[in-house]
Amino acid sequence: MTLNKLILLFIFSLTFVGEAMAQANSLENTFFESGKIKVVIGVAVIIFSGISFYLYRLDRKITRLEKEIKNEKN
Amino acid sequence: MKRNWWKLLAVLLLLYVLVAAFITPLVPGGLSIDIDEIHRGEQRITLTGYNTHFQEENSNLQCFVGVESEYLPVQNVAVQDNQHVSFVVNWPDTLPSSAIAFYVNDIKDGSVYISTALKNKDIAIITHHALKVTVKPQVSSDDHQQWGFPFQPILFETIRNLMLHVPMWFSMFFLMTIGFVASIRTLLGNHKQDDLAIAAVKVGLLFCILGLITGSLWARFTWLTWWTKDPQLNGALSVFIVYVAYLLLRNGIDDEIKKARISAVFNIFAFILMVILLMVWPRISQDSLHPGKSGNPAFSKYDLDSSLRIVFYPAVLGWILLSYWIFQLQLRYEKLKKHDLE
């Protein structure tokens with residue numbers, strides 16, 4: 001890939017980032033609509049996914065321990 | 001099943017809490033008005049309500065403007081739909097105050113109002129009674145309260161976060177207290193208690209992180225910033241950092257007994273610091289944005305009304321039970337790690 005192409009790609013990605021940021025901004029504004037109910041949904045999603053992630057990690061750690069203990073016995 | 005009844009209780013409580021927290025409606029309230037300054041003479045003002053029934057209650061509508069304890073009548077009331085009503089106010093030359101409230105009373109919604117401090121373009125403000133007209137509102141709001149969560153300005157629907165964000169901190173306190181007691185017992189010679197301490201702190205940190213993130217999101221759309229220098233916020237962040245330091249400290253010590261004793265001492269101090277930073281300091285500093293935090297205890301009767309209480313208390317219990325459940329899983333892992341099974 002030539003340098004020119006790289007620069008073009010860079011500029012292209014910049015516009016993409018700008019677009020994504022503008023989209024994020026308008027998404028943020030929708031949180032003020034309809035009595036700010038989306039904030040509550042966001043909070044519920046954060047808590048649910050946080051606890052799920054923690055349990056998933058704990059599950060994997062326990063599985064690893066189980067394997068270790070099994071190997072020790074053999 | 002007999003030993004695990006509380007897990008079922010946790011699930012049922014949280015199920016009830018999630019359903020109740022989302023389906024309980026907000027009582028009607030005033031969302032916004034479309035002017036930001038007033039000038040002498042006639043001015044048409046549109047009030048936007050939330051969950052209101054202006055259209056249905058058209059014949060019972062009473063609109064008026066309150067300035068201090070005086071009331072100004074309004075003319076030409078025009079209902080656009082259930083959420084919008086407009087009226088014309090004839091502002092006098094002088095007003096006793098710039099704190100002005102707009103009221104729309106009807107039988108179904110009670111008193112829907114917006115209190116605001118408007119800029120006055122060419123109206124003189126004097127301190128003594130200047131309004132000649134005094135109209136007493138006839139529909140009293142207290143008798144017509146609908147069932148639902150209170151309508152709070154700025155908060156609106158996010159008042160439901162009370163059932164999600166606040167119990168995170170209750171759960172953290174509960175777990176850190178378990179850790180604190182376990183650490184004291186570790187120092188008294190029962191080194192096996194150290195497993196309880198580490199498990200409690202790990203799960204407590206999970207709830208601390210959830211509390212911080214959800215609080216930050218809530219703040220963004222009510223206080224309009226992700227983070228402020230509220231003593232409660234910075235205190236919570238400090239507590240988070242201290243407990244992370246506890247985990248790091250543990251990793252640095254190899255000898256098991258030494259690890260248990262040193263980290264127990266650290267944990268005891270961390271707990272005391274948490275109580276000071278989260279319970280004592282916000283009350284002393286007097287400038288917390290958290291309701292009920294500066295001065296009066298958090299459970300003041302002004303912050304929680306009965307519709308919130310019957311969901312909030314089960315929510316606290318439910319989340320604490322769930323956190324205890326996760327704590328027990330973590331504890332079993334810690335014991336398994338040491339091959340320390342009874």
Side-chain angles (χ1 to χ4, degrees), chain A residues 5-74, chain B residues 14 17-18 21-22 25-26 29 31 50-51 149 151-152 154-168 171 199 202-203 205-222 224 319 322-323 325-327 329-339 341:
Chain A
K5 269 186 184 168
L6 267 178
I7 291 170
L8 262 176
L9 192 74
F10 179 68
I11 291 169
F12 182 73
S13 65
L14 271 187
T15 58
F16 182 75
V17 167
E19 218 164 84
M21 273 170 75
Q23 257 174 12
N25 222 342
S26 65
L27 179 77
E28 209 177 359
N29 283 334
T30 65
F31 273 67
F32 288 102
E33 289 162 13
S34 50
K36 305 182 185 179
I37 187 68
K38 280 188 187 171
V39 178
V40 189
I41 294 168
V43 164
V45 167
I46 288 170
I47 291 174
F48 186 77
S49 36
I51 290 177
S52 308
F53 177 72
Y54 189 90
L55 289 177
Y56 173 75
R57 255 193 53 203
L58 188 61
D59 186 341
R60 278 202 358 193
K61 279 157 112 183
I62 291 174
T63 312
R64 209 184 306 142
L65 271 186
E66 277 174 345
K67 274 182 191 160
E68 260 174 46
I69 292 171
K70 215 181 256 175
N71 287 343
E72 271 171 37
K73 274 185 185 162
N74 292 339
Chain B
L14 287 179
V17 164
L18 284 181
F22 276 99
L26 285 193
L31 204 59
Y50 194 81
N51 286 352
F149 291 149
F151 184 92
Q152 296 280 358
I154 300 170
L155 285 184
F156 308 146
E157 299 276 4
T158 66
I159 199 162
R160 301 172 198 282
N161 278 349
L162 180 73
M163 324 308 175
L164 300 166
H165 164 78
V166 183
M168 295 295 115
S171 304
K202 277 181 179 172
V203 182
L205 268 174
L206 165 72
F207 282 87
C208 182
I209 293 169
L210 292 177
L212 282 173
I213 299 176
T214 56
S216 184
L217 180 71
W218 196 1
R220 172 65 189 85
F221 298 99
T222 48
L224 301 179
W319 284 112
L322 184 74
S323 72
W325 191 352
I326 302 175
F327 157 74
L329 295 178
Q330 185 71 46
L331 179 63
R332 279 157 73 182
Y333 166 77
E334 300 297 337
K335 281 184 173 165
L336 202 63
K337 205 161 88 178
K338 287 188 188 164
H339 297 216
L341 300 161

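Per chain, numbering begins at 1; letters A, B, ... match sequence-line order. Just so it is clear, the values below take in all heavy atoms, side chains as well, and ignore hydrogens, waters and symmetry mates. The shown structure was predicted, so the numbers you read here are calculated from the model rather than taken from an experiment.
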Interface check, chain A: of Asn161(B), Leu329(B), Asn51(B), most non-hydrogen pairs under 4.5 Å belong to Asn161(B)

Pair count under 4.5 Å, heavy atoms only, with chain A: among Phe207(B), Phe156(B), Phe221(B), highest is Phe221(B)

Rounded to the nearest 0.5 Å, how far apart are [atom1] of [X] and [atom2] of [Y]?
X: Arg332(B); Y: Leu58(A); atom1: CZ; atom2: CG; answer: 10.0 Å
X: Tyr54(A); Y: Lys202(B); atom1: OH; atom2: NZ; answer: 6.5 Å
X: Leu65(A); Y: Lys337(B); atom1: CG; atom2: NZ; answer: 7.5 Å
X: Leu336(B); Y: Lys61(A); atom1: CG; atom2: NZ; answer: 12.0 Å

Quick one: what part of [X] sits under 4.5 Å from any heavy atom of chain A, side chain, backbone, both or neither?
X: Leu206(B); result: side chain
X: Leu322(B); result: side chain
X: Trp325(B); result: neither
X: Met163(B); result: neither
X: Thr222(B); result: both

Looking only at Leu55(A), Ile51(A), Val45(A), Ile41(A), the option with the highest number of non-hydrogen pairs under 4.5 Å against chain B is Ile51(A)

Quiz item: Has the side chain of Lys36(A) got a donor or acceptor atom that lies under 3.5 Å from a matching backbone atom of Ile159(B)?
Solution: no

* Just wondering, are more than 12 heavy atoms of other shown residues or ligands nearer than 6.0 Å to CZ in Phe22(B)? -> yes

Atom CG of Leu224(B): over 12 foreign heavy atoms under 6.0 Å
yes

Exercise. Looking at side-chain heavy atoms only, is the closest gap between Val39(A) and Arg160(B) below 4.5 Å?
Worked result: no

Closest heavy-atom pair, Ile47(A) versus Leu164(B), reported as atoms and distance to 0.1 Å, is CD1-O, 3.5 Å

